[in-house]
Amino acid sequence: MSRFEECNEQAGFRSCNIMKEKYNFKEIELKWQRYWAEIKLHKTDADASKEKFYCLEMFPYPSGKIHMGHVRNYAIGDVIARYKKMRGFNVLHPMGWDAFGMPAENAAIKHGVHPAKWTYENIDYMKKQLDCMGLSYDWDREVSTCSPEYYKWNQWFFLKLLEKGLAYKKASFVNWCPSCTTVLANEQVIDDKCWRCDTIVIQKELEQWFFMITHYAEELLQGCDELNGWPERVVLMQRNWIGKSEGVEVDFPLDGMNENLKIFTTRPDTLFGVTFMCLAPKHPLTERLIHDKEKFELVKAKYGKMDEKEGLFTGHYAINPLTDERIPVYIANFVLMGYGTGAIMSVPAHDQRDFEFAKEYGIPIKVVIVPENRSQSAPPRADGLEAEMTEAFEDEGVLINSGQFSGLKSSEAKAKIIKYIEDRGMGKGQINYKLRDWGISRQRYWGTPIPVVYCKKCGIVSVPEKDLPVILPEDVKFTGTGGSPLAESGVFLKVKCPECGGEAMRETDTMDTFVDSSWYFVAYCLGKDSINLKSEIKNPQSEINHWMPVDQYIGGIEHAVLHLLYSRFFTRVMRDLGIVDFSEPFENLLTQGMVCKETFRCPEHDWLFPEEVKNSRCVHCSKEVEKGRVEKMSKSRKNVIDPDALINRYGADTMRLFSLFAAPPERDLEWSDKGVEGAYRFLNKLWGIVYKYRNELCVMSNESKQNIVYTSFITRHPSQLLRKTHQTIKRVTDDIEKDYHFNTAIAALMELANELSAFVPEKEEDRFAFSFAIKNTLLMLSPFAPHISEELWQAIGEKNSIFEHPWPVWDEVLARDEEVELVVQVNGKLRTKILVPAGLSDDDAKETAVREPKIKEMLNGRQIKKIVVVKGRLVNIVISER
RNA sequence: GCCGGAGUGGCGGAAUUGGUAGACGCAAGGGACUUAAAAUCCCUCGCAGCUUAGCUGUGUACGAGUUCGAGUCUCGUCUCCGGCACCA
């Protein structure tokens with residue numbers, strides 16, 4: 001007795017084998033979910049005899065309930081996981097919870113419930129929801145980032161980074177959300193607003209912990225070349241975010257002061273065109289240079305305002321080291337302190353911002369670059385000063401008015417000028433990145449405590465490894481009035497210094513939750529209760545190295561920069577710690593599109609839920625509703641569909657099928673209630689076909705167990721249905737393999753089902769073909785709609801789980817059509833189609849086409865210039881015009 | 001502004017990579033079954049015209065081009081969506 005049969009017997013799952021007429025999804029979905037759990041169908045262990053496949057979907061934040069975005073994400077992942085399993089891979093398919101975060105704390109403030117309680121209750125509920133979807137997770141590997149067993153390792157990473165000098169503390173201006181009373185990363189600020197609550201973000205100076213991601217900037221950039229399995233646009237966004245630019249740092253001596261002004265430029269070829277210098281308002285030298293305090297405050301206030309250029313002449317001059325010219329020094333609001341040196345050389349002729357500034361303040365504009373082919377326009381003035389320009393010339397070209405470098409092309413000149421500068425000690429070549437170090441401090445409770453203490457005597461002391469985890473205290477009040485709640489906790493705050501034993505205070509900030517999600521994918525490899533990264537260092541039997549990298553990662557495009565970049569950074573840190581032996585965590589990435597729906601708005605009641613609209617009128621006031629555009633489903637617009645309601649009404653299989661059928665995974669999906677009905681109809685139709693022939697199919701299925709008889713039989717009796725089945729296997733397999741185009745795969749299955757429902761098996765070979773077609777339809781449908789496939793599989797007399805059965809293979813010969821439609825064109829225009837035997841030679845095709853009466857008539861009296869044949873498809877006869 | 005991506009029926013979307021445009025689904029219209037409705041099944045379905053068993057034009061945002069042949073390739077224009085945005 002097989003393992004499955006045993007389980008069946010015990011659990012009684014297959015004891016009642018009488019098929020019902022009606023498709024009762026509620027009954028069968030529950031039945032199979034229980035069955036799969038019982039036999040631990042989805043449990044995975046490392047198995048050297050099979051090729052591994054790590055299928056991972058981005059884990060959710062346990063906000064309370066799953067939404068359609070999750071449904072789509074996890075349906076896609078589940079199809080891939082189940083398909084790969086049937087293809088013989090040993091598939092790792094885990095799920096967990098990105099469980100730290102602000103909503104839990106907000107709930108605590110609002111409702112007085114502890115974040116832990118709130119979070120774990122949400123996890124319980126959402127886990128049930130995921131199970132109701134029939135997802136094939138190995139729950140034995142579930143992780144929750146808010147558990148001390150997990151966040152201990154965040155703290156461990158922190159200590160390792162601190163040891164390596166890759167974690168440090170500095171005072172810095174941070175993006176501060178007054179509403180969330182916390183710090184935000186640059187990436188969390190969108191259009192000057194908080195990504196979560198849309199409040200305007202202000203600048204505030206705080207002591208912050210940073211991870212030195214810039215240490216890996218170049219490597220993270222180079223690594224982009226290897227991300228062949230990622231969507232190009234995501235790779236591009238990563239590259240842009242890192243933002244490498246090559247140039248030179250040049251020292252401009254300040255006239256009459258024993259001081260240099262260091263600037264960075266990517267255009268050393270324009271150095272002869274410098275007519276002023278600009279400093280950022282926060283540049284360390286500004287305080288010493290300015291006289292007009294009042295005006296300075298104005299400029300400072302306009303820092304970061306994009307629309308206005310505001311400057312202040314300091315009265316000081318710098319010396320251009322190449323020309324010895326005296327250059328006026330300004331303070332300007334548009335110069336950023338955070339990039340380069342915080343000071344720039346300004347070349348108004350060749351930089352639009354400088355140009356606008358120069359016009360405003362009456363500064364000369366000196367042209368030093370001309371287009372390479374500038375013979376047609378007027379020659380530049382000898383002094384290079386240009387009054388007539390209307391905009392800067394920012395392209396590269398040929399140098400003029402540039403001393404010994406005049407006449408050179410920009411590219412050559414850049415190299416030569418950099419060398420000239422370096423040789424004379426005026427500066428040096430320099431590479432800058434836009435990428436900033438990662439500020440990880442958050443003034444919040446519900447996150448990983450940062451494991452350091454502050455001792456009056458010893459200063460910053462890290463918590464010894466043996467004392468990890470530093471656990472979040474329970475005695476915390478959630479008032480919502482600013483600052484870190486941990487600072488209020490008596491038990492937590494006071495601590496003995498690990499070094500001197502004296503009085504010390506704990507760090508009260510917690511870590512950005514992006515730390516949690518930067519390594520969770522390796523935690524799954526180790527399993528729920530055995531996360532121990534330290535023992536993974538140089539471990540020859542490493543489970544992590546066995547399963548990683550992730551073969552297919554699936555998630556939303558919103559993580560194109562943040563999460564993915566941090567994960568790539570952490571993977572390199574883990575590599576340098578000896579935990580992993582690779583650099584890129586995600587081999588292939590699929591970014592699924594958003595789930596969208598039209599919006600409804602009532603003149604009186606504002607946004608309406610779909611169920612609040614009846615016949616285009618508001619159910620509350622009967623006013624006509626305004627139909628808005630199709631937008632991403634969001635609670636604020638109320639254009640949402642509740643997965644629970646959908647499962648209740650149509651079942652998980654229908655919900656999965658529709659969300660996979662309506663659009664290819666990477667594209668946005670527009671929700672359609674009618675479309676869902678279509679998916680439901682399809683499943684009902686299939687149910688009806690199997691029900692109608694259930695008795696014959698059972699007999700067939702048993703007979704077909706004698707494989708040899710079966711195969712030789714169908715080979716001797718090819719039929720249209722058999723051919724269609726083989727063609728469908730080919731199409732579905734190709735569609736899944738080629739970029740996971742599930743929508744067309746499902747369309748092919750619908751076609752086959754249409755053929756099945758029209759088919760009336762009469763002769764014995766018909767019944768064989770029919771049985772074969774049904775079996776394969778179910779096998780191919782099973783990753784998409786697992787419950788109904790498993791149920792019908794049982795109904796046709798199969799004894800084992802359908803997911804134990806390998807994915808079907810097609811036979812090229814049997815898939816081949818006997819007759820093909822030959823398109824006949826005359827001068828590229830379709831004139832007729834004729835049915836011809838497959839494999840017709842080109843000459844025969846030509847002859848057949850020319851002999852066709854209609855074509856013959858058209859050719860009458862004209863000269864055939866040539867005939868193009870596309871084998872088995874088309875004949876194009878090119879004739880002379882009349 | 002810069003960098004990407006996209007534009008195909010009433011709608012969601014197909015089209016073997018240069019070879020029948022509109023697969024599959026939805027909606028719509030007609031019919032069958034039914035006392036009736038729902039469900040189900042069958043038929044029609046890009047647009048226009050005609051001498052209407054059919055035929056002829058025309059059609060993949062717009063305009064050119066390459067080719068025997070273009071939704072697909074090239075150039076130009078427009079529109080929409082995303083990312084970055086004073087990065088020197």
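Just so it is clear, the model here is predicted, and its values are computed rather than measured. To find a chain, count down the sequence lines: A is the first, B the second, and so on, and within it residues start at 1.
Rounded to whole Å, the separation between the C1' atoms of B:rC2 and B:rU74 comes to 24 Å. For the C1' atoms, the distance linking B:rG57 with B:rC42 amounts to 32 Å, nearest Å. Between the P atoms of B:rU58 and B:rU8, the separation comes to 22 Å (whole Å). Rounded to the nearest Å, the gap between the C1' atom of B:rA48 and that of B:rU67 is 29 Å. Distance noted for atom P between B:rG22 and B:rC47: 14 Å (whole Å). When the C1' atom is used for both B:rG63 and B:rC11, the distance is 29 Å, rounded to whole Å. Taking atom P on both B:rA37 and B:rG31, the two are 12 Å apart, rounded to the nearest angstrom. Look at the P atom in both B:rC3 and B:rC75: the space between them is 14 Å, to the nearest Å.
A:L830 comes within 4.0 angstrom of sugar-phosphate atoms only, judged by non-hydrogen atoms across all strands, and of no base. As judged by a 4.0 angstrom heavy-atom cut-off over every strand, A:V335 is placed among the base-contacting residues. Residue A:K871 is classed as having no contact, given no heavy-atom separation below 4.0 Å to the nucleic acid. Looking at heavy-atom distances under 4.0 Å, A:G678 makes contact with sugar-phosphate atoms alone, never a base. When heavy atoms are screened at a 4.0 angstrom cut-off, A:D734 is found touching no nucleic acid atom at all. Across all strands shown, A:L874 has heavy atoms under 4.0 Å from base atoms, whether or not it also approaches the sugar-phosphate. Among the atoms of the strands shown, only primed sugar atoms or phosphate atoms (P, OP1, OP2) are found under 4.0 Å from some heavy atom of A:R667. Note on A:V878: only backbone sugar-phosphate atoms sit closer than 4.0 angstrom, heavy atoms only; bases stay farther off. A:Q825 comes within contact range of at least one nucleobase, with a heavy-atom separation under 4.0 Å. Counting any heavy atom pair closer than 4.0 Å across all strands shown, A:E232 reaches no nucleic acid atom. At the heavy-atom level, A:N432 lies nowhere under 4.0 Å from the strands shown.
For A:F682 and A:F661, the distance between ring centers is not under 6.0 angstrom.
Residues A:K866 and A:I344 each lie close to RNA chain B; by heavy-atom proximity, the contact nearer the 5' end of the strand is made by A:K866. The 5' end of RNA chain B is approached more closely, in terms of each residue's nearest nucleotide, by A:M237 than by the other of A:F264 and A:M237.
The line from CG of A:D734 to CD1 of A:I729 is 11.5 Å long, rounded to the nearest 0.5 Å. Put simply, OG1 on A:T265 and CE on A:M345 are 3.5 Å apart, with the number rounded to the nearest 0.5 Å. One distance of note links CD of A:E249 with OG1 of A:T341; it measures 6.0 Å at 0.5 Å rounding.
The side chain of A:K829 places no N or O atom within less than 4.0 Å of a non-bridging phosphate oxygen (OP1 or OP2) of B:rG57. When the side-chain nitrogen and oxygen atoms of A:N754 are compared with OP1 and OP2 of B:rG25, one or more of them lie within a distance under 4.0 Å.
Atom CD of A:E670 is separated from atom P of B:rG12 by 6 Å (rounded to the nearest Å). At whole-Å resolution of the value, CZ in A:R831 and C1' in B:rG69 are 13 Å apart.
When the salt bridge (Lys or Arg N to Asp or Glu O under 4.0 Å) test is applied to A:K833, no partner is found at least two apart in sequence or on another chain.
Base orientation of B:rG9: syn, the glycosidic angle falling within 90° of 0.
By the 4.0 Å N-to-carboxylate-O rule, A:R239 lies close enough to A:D225 to be salt-bridged with it. A salt bridge does not link A:R831 to A:E852: none of the charged nitrogens lies less than 4.0 Å from a carboxylate oxygen.
More than 12 heavy atoms of other shown residues, nucleotides or ligands fall within 6.0 angstrom of atom NZ in A:K871. Few gaps surround CD on A:E737; more than 12 heavy atoms of other groups in view lie less than 6.0 Å from it.
The strand RNA chain B forms stems, runs of 3 or more Watson-Crick or G-U wobble pairs with distances below 3.5 Å, at B:1-7 with B:78-84, B:10-12 with B:24-26, B:28-32 with B:40-44, B:46-50 with B:54-58, B:61-65 with B:73-77.
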